Amino acid sequence: PSPTPLLEVRNVSKSFPGVRALRDVSVRLNAGECLAVIGENGAGKSTLMKILAGVQRPDSGEVRVDGQAVEIGSVKDALRLGIALIHQELNLADNLDIGANIFLGREPRRLGLVDRRTIWARSEVLLRRVGLDASPRTLVSRLTIGRQQMVEIAKALSVDARVLIMDEPTSSLTQHETDQLYRVVKDLRAKGMGIVYISHRLGEVKELADRVVVLRDGQFAGELAREQVSHEAMVKLMVGRDLSQFYVKTAHAPGRPVLEVDRLRTAAHPTKELSFALRAGEVVGVAGLVGAGRTEMLETLFGVTPAVGGTVRVDGADVTPRTPRQAIRAGVALVPEDRKQQGLVLEMSVRENASLPSLGRQARGGAVLNFAAERRTSADVVTRLGVKTPSDRQAVQFLSGGNQQKVVIGKWLAMSPKVLLLDEPTRGVDVGAKREIYKLMEQLAGTGVAVLFVSSDMEEVLGMSDRALVMHEGRITGELSRDELSEEAIMTLATGRERAAAAPV
């Protein structure tokens, strides 16, 4: 590494109303280095990156580029300095083609008109550099999330970025797309670019990082050199303690059948039948590869998408839901995969979100809001789930991802469900919050709630399931008891090799 860092943060602090996001944080990045920045949700990672990208200004401290102090007052300032941020939620116009997105706002012109030929020609060079075999004339809406990610990287290269900040870049990618991203990151690093890589997936960090910086509660918590990077070392710095018992699993004697699914056919896979049962006090994982139909199954059970055929029984009563309202009345709740789009109203407060499903049940005379009951529900959710918020009047959009997820789960627990459906319950959630969610799943099972969760995290399925259902292309290819659970057994079923599927009890 050069004696002068490519990018350096010195004693940066930043506060928001009621929250100290950063406190005297110092970080350096060298040219040709991949620096991973990790920490629990709320540790200050996103705030630090937004300061570097010109989205927010620090209250104190300074940022240096090539050893010179700089002012980054806007995104334009950051881009001029060669700093580009790729957000977790991609910032593309999907109604425009790839080339138009890459040069949006910086279009080359000829005789006063946008020079599309030049845009497409320059874009082709950039797309080859990131390994994306697509025409620059292709509409972005036709690309998978992984390919859109490559367009974002090409966009950064088009402004001659020297520092590329990537925030949770693989959270929505398939394994193939993730492998392609790894290759691009390593290639850019080899060509001298500085990469700041933020991820909750510690396996990725171990694969890519030359150095790891850990933030905890808005402060610098430690640093690991390449040879020091291990899962245990990273976790210990992130949470300030050793999480030797990460998965809190207790054997529960299953009770009566609570959810019975008989020959259910979903709109996504109308020719495939699903049959299985879930007992009170069970935690059942659903594994499978992308496109297996796991999310579609949960959405059908919750009535988001009506079933094409088959029946769903809750406590022995046929309740095959055609709307979420019917599912909720039957005692079924769904925590969706995309909490921001489907699980929360971001502009509303923690209190309003936590009490939203309960409003009708608590309303006076069935029509007048009961504000006292709303306050009690919110206070119970915040206390029971340990939601970190200055107050329950805080807009939920300003909470960390892990605390947002707790609010989503908490609002349904206030309804005392019989069946809790969880779709990727710990996606985009830090290590500490994951453990709290696992503990909550166990507590619910202990009170007799039947928990059915979908997860792409193999360790999560192995660690938390009393048994697991494995899906492939819309059907259940097999069921594994806890004693049978292994990565090899799950992958065999997930790739289509079938064994006796689960049957209704």
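Note that these values count all heavy atoms, side chains included, but never hydrogens, waters or copies made by symmetry. Small disclaimer: the values here were computed from a predicted structure and weren't measured. Throughout, numbering of the chain's residues begins at 1 and tracks the sequence.
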For Q180 and R183, test the side chains for any donor-to-acceptor distance below 3.5 angstrom and give the result as yes or no. yes

Over 12 non-hydrogen atoms of neighbours within 6.0 angstrom of CZ in F398: no

Any salt bridge linking E479 with R467? Criterion: basic side-chain nitrogen under 4.0 Å from a carboxylate oxygen. yes

Exceeds 12 heavy-atom contacts within 6.0 angstrom, atom CZ of R226: yes

So, S400 versus N403: side-chain donor-acceptor pair below 3.5 Å or not? yes

Count the heavy atoms belonging to other residues, nucleotides or ligands that lie under 6.0 Å from CZ of R142, then report whether that count exceeds 12. no

Test salt bridge (Lys or Arg N to Asp or Glu O under 4.0 Å) on R313 and E260 and set out the steps. CA-CA 5 Å; R313 291 187 291 275; E260 298 168 278; 3.8 Å; yes

Checking D392 against S378: is there a side-chain donor and acceptor pair closer than 3.5 Å? yes

Could you state the interatomic distance from CG (L420) to CG (L413), rounded to the nearest 0.5 Å? 6.5 Å

Regarding S456 and R294, is there a side-chain donor-to-acceptor distance under 3.5 Å anywhere? yes

Does CG belonging to D217 count more than 12 external heavy atoms closer than 6.0 Å? no

E204 side chain to T170 side chain, donor-acceptor N/O pair below 3.5 angstrom: yes

Is any side-chain N of the basic residue among D133 and R147 closer than 4.0 Å to the acidic one's carboxylate O? yes

T295-D423 side chain donor-acceptor pair, cut-off 3.5 Å: yes

Salt bridge or not for E33 and R189, using N-O below 4.0 Å? no

With a 4.0 Å cut-off on N to O distance, would you call E460 and K434 a salt bridge? no

Do T320 and D318 have side-chain N/O donor and acceptor atoms under 3.5 Å apart? yes

